[in-house]
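Below is one structure; the comments refer to it alone.
All values below come from the heavy atoms of this structure, side chains included, with hydrogens, waters and symmetry mates left out.
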Amino acid sequence: MRADLIQASYIAATLLFILGLKGMSSPRTARRGIVWAGVGMLVAVVATFFEPAMTNYLLMVIAVAIGATIAYVAAKKVAMVDMPQMVAIYNGMGGGAAALIAAAEFMHPATMSASFAILGIVGALIGSISFSGSMIAFAKLQGLIRKSFLFPGQNIVNLLVLAAAIVLGVVVILQHTSDLTGPEGLALGLFFGLSLLYGVLMTLPIGGADMPVVISLYNALTGLAVAFEGYVLGNAALIIAGTVVGSAGFLLTQLMARAMNRSLANVLFAGFGAKGGEELTGALEGTMKEMAPDDAAINMAFGQKVIIVPGYGMAVAQAQHKVWELAKLLQEKGVQVKFAIHPVAGRMPGHMNVLLAEAGVPYDLIYDLDEINGELPTADVALVIGANDVVNPAARDDKGSPIYGMPILDVDKAHTAVVIKRGRGAGFAGIENSLFYADGTRMVYGDAQDVVGKLIAGVKKV
């Protein structure tokens with residue numbers, strides 16, 4: 001009876017996970033989805049305490065209390081601009097937890113069948129890669145690692161490290177019933193060491209332009225690792241939840257890669273976006289034409305339609321509240337205002353949507369690339385705030401450009417494009433933006449929050 005109740009609780013938890021994931025598919029229901037998923041996790045944790053094999057209740061309670069306290073404080077204090085870092089590190093913790101489950105199970109090899117040993121090693125490999133890779137992604141997003149590391153033959157070295165980890169995993173599987181205090185224990189340790197090393201080596205060359213794809217991929221790997229370890233433990237909640245998260249993560253990763261018109265292999269192994277604007281930058285004809293904030297404000301206030309395109313520069317400046325204040329002022333003057341979001345704008349999937357939602361922007365004013373591109377030619381002003389590569393016409397017009405074929409927001413087709421930019425450098429992909437040199441583009445340099453504040457003051461004067 002007790003076992004049946006525990007399994008029923010796990011099934012209820014997985015249903016709540018699925019409902020939560022479904023709710024998070026739309027900004028309108030995302031908050032409710034998060035609550036459902038949180039309740040599901042609570043049900044799963046409580047049910048686990050009643051497992052017959054559980055003994056170290058005090059240590060479990062202490063661990064849960066410490067983890068919950070740290071998570072609560074961090075979630076309350078983290079700035080929205082730092083949310084990608086939090087997603088990366090928490091996702092990595094999930095992968096690390098899955099790897100630790102495998103390590104604990106291999107410490108009791110006599111109770112593990114050969115098939116479970118295979119699943120355990122696969123989950124450990126994936127979880128370890130996700131953990132160490134996510135930690136590097138966190139360090140890059142946080143600015144702790146400010147450059148990408150590329151060297152000749154890097155992909156070959158990475159492949160050799162992965163191959164060595166797989167070979168050691170096979171050794172562990174073949175000898176999984178042996179005493180881990182002997183050579184098999186050394187093989188297991190080396191296996192985890194090389195798996196962690198591969199995650200580091202795989203992530204170090206990847207540049208900032210590809211971070212949304214990388215974070216999504218590691219999210220998928222964590223889900224997959226959890227599912228494999230769920231099989232090893234015979235835990236239905238881990239199996240179903242991990243499978244759902246893994247499949248959703250892989251689908252999102254493919255969608256993000258497609259939004260950049262690049263394959264996942266190109267993202268992981270090409271080193272694209274890692275040169276920091278030193279080697280990919282090319283010379284463009286023309287000059288950047290600067291505009292004063294007051295003049296930009298007049299153009300928008302007397303226009304009929306303004307489309308705002310937010311980018312990572314808005315996130316860095318934490319200017320989303322000011323941007324919404326500007327939008328409301330324009331609406332009061334009879335201007336139609338819409339927001340255009342590119343799928344890979346920012347540092348993680350949905351980054352710009354989250355920031356705008358935090359500022360209170362109604363969901364019906366936010367449009368994705370396919371919905372808004374047809375309207376950009378009718379916009380009097382397209383206001384670009386800190387976006388670069390996702391509005392670069394070279395992706396559409398220049399076959400020699402590294403981003404050629406990447407779907408972009410057609411900002412250059414608006415009557416006037418006003419670009420707020422901190423400086424004159426290239427974007428994450430290290431490519432000069434031909435939009436900035438176009439006849440219909442005007443540049444307003446400065447911190448996004450400061451500039452938007454000046455635009456607000458200018459609109460109020462009109």
Side-chain angles (χ1 to χ4, degrees), residues 24-31 34 78-88 141 208-216 219 252-253 255-260 273 306-328 337-373 375-376 379 382-392 395 403 406-411 414 417-422 427-429 433 435 447-449 451-452 455:
M24 285 183 272
S25 65
S26 168
R28 296 180 184 276
T29 57
R31 185 184 296 273
I34 291 172
V78 66
M80 290 304 298
V81 68
D82 294 329
M83 193 58 68
Q85 291 94 300
M86 174 167 277
V87 170
L141 293 171
D210 292 328
M211 273 304 153
V213 182
V214 173
I215 291 174
S216 179
N219 177 64
L252 179 59
T253 301
L255 292 173
M256 299 291 286
R258 192 175 302 123
M260 301 170 70
V306 172
I307 295 178
I308 300 174
V309 181
Y312 187 65
M314 184 189 78
V316 171
Q318 300 184 50
Q320 60 269 25
H321 296 281
K322 288 285 187 181
V323 170
W324 177 225
E325 183 181 348
L326 172 64
K328 288 189 290 186
V337 180
K338 295 185 177 183
F339 290 82
I341 307 294
H342 192 282
V344 294
R347 291 290 185 91
M348 70 176 184
H351 194 184
M352 294 300 106
N353 301 72
V354 171
L355 290 173
L356 294 178
E358 182 209 17
V361 179
Y363 301 130
D364 57 2
L365 294 183
I366 302 174
Y367 297 82
D368 62 26
L369 183 147
D370 294 330
E371 295 173 319
I372 201 67
N373 260 353
E375 293 194 42
L376 278 164
L383 178 63
V384 181
I385 307 174
N388 195 329
D389 305 315
V390 298
V391 295
N392 191 343
I403 62 171
M406 171 181 168
I408 61 164
L409 290 162
D410 295 329
V411 169
V418 175
V419 179
I420 298 175
K421 199 169 184 296
R422 184 184 294 273
F428 287 139
N433 194 336
L435 170 70
D447 175 80
Q449 184 163 182
V451 172
V452 175
L455 292 177

As an exercise, state the distance from CG of Asn433 to NZ of Lys421, rounded to the nearest 0.5 Å. 8.5 Å
Distance col, row Tyr312:OH vs Leu355:CG, nearest 0.5 angstrom, shows 10.0 Å
Which heavy atom of Val78 sits nearest to which heavy atom of Asp82, and what is that distance? CG2-CB, 3.7 Å
Are the side chains of Val418 and Leu383 in touch, meaning some heavy atoms are under 4.5 Å apart? yes
Does the side chain of Val337 come within less than 4.5 Å of Leu365's, by heavy atoms? no
Is Pro343 close to Leu255 at the side-chain level, that is, under 4.5 Å between some pair of heavy atoms? no
Quick one, Phe339 and Pro362 - any side-chain contact, counting heavy atoms below 4.5 Å? no
Taking all non-hydrogen atoms of both residues, which atom of Pro84 and which atom of His351 are closest, and how far apart? CG-CE1, 3.5 Å
Spacing of Gln320 atom CD and Glu325 atom CD [to the nearest 0.5 Å]: 13.0 Å
Identify the two heavy atoms, one from Val391 and one from Val384, that lie closest to each other, and give their separation to 0.1 Å. CG2-CG1, 4.3 Å
Asp368 versus Ile341: any side-chain heavy-atom pair under 4.5 Å? no
Return the minimal non-hydrogen interatomic distance between Val213 and Met256, and the atom names on each side. CG2-CB, 3.9 Å
Say you draw a straight line from CG of Leu435 to CG of Asn388; how long is it, rounded to the nearest 0.5 Å? 8.5 Å
How long is the straight-line distance from CD1 of Ile308 back to CG of Leu326, given to the nearest 0.5 Å? 5.5 Å
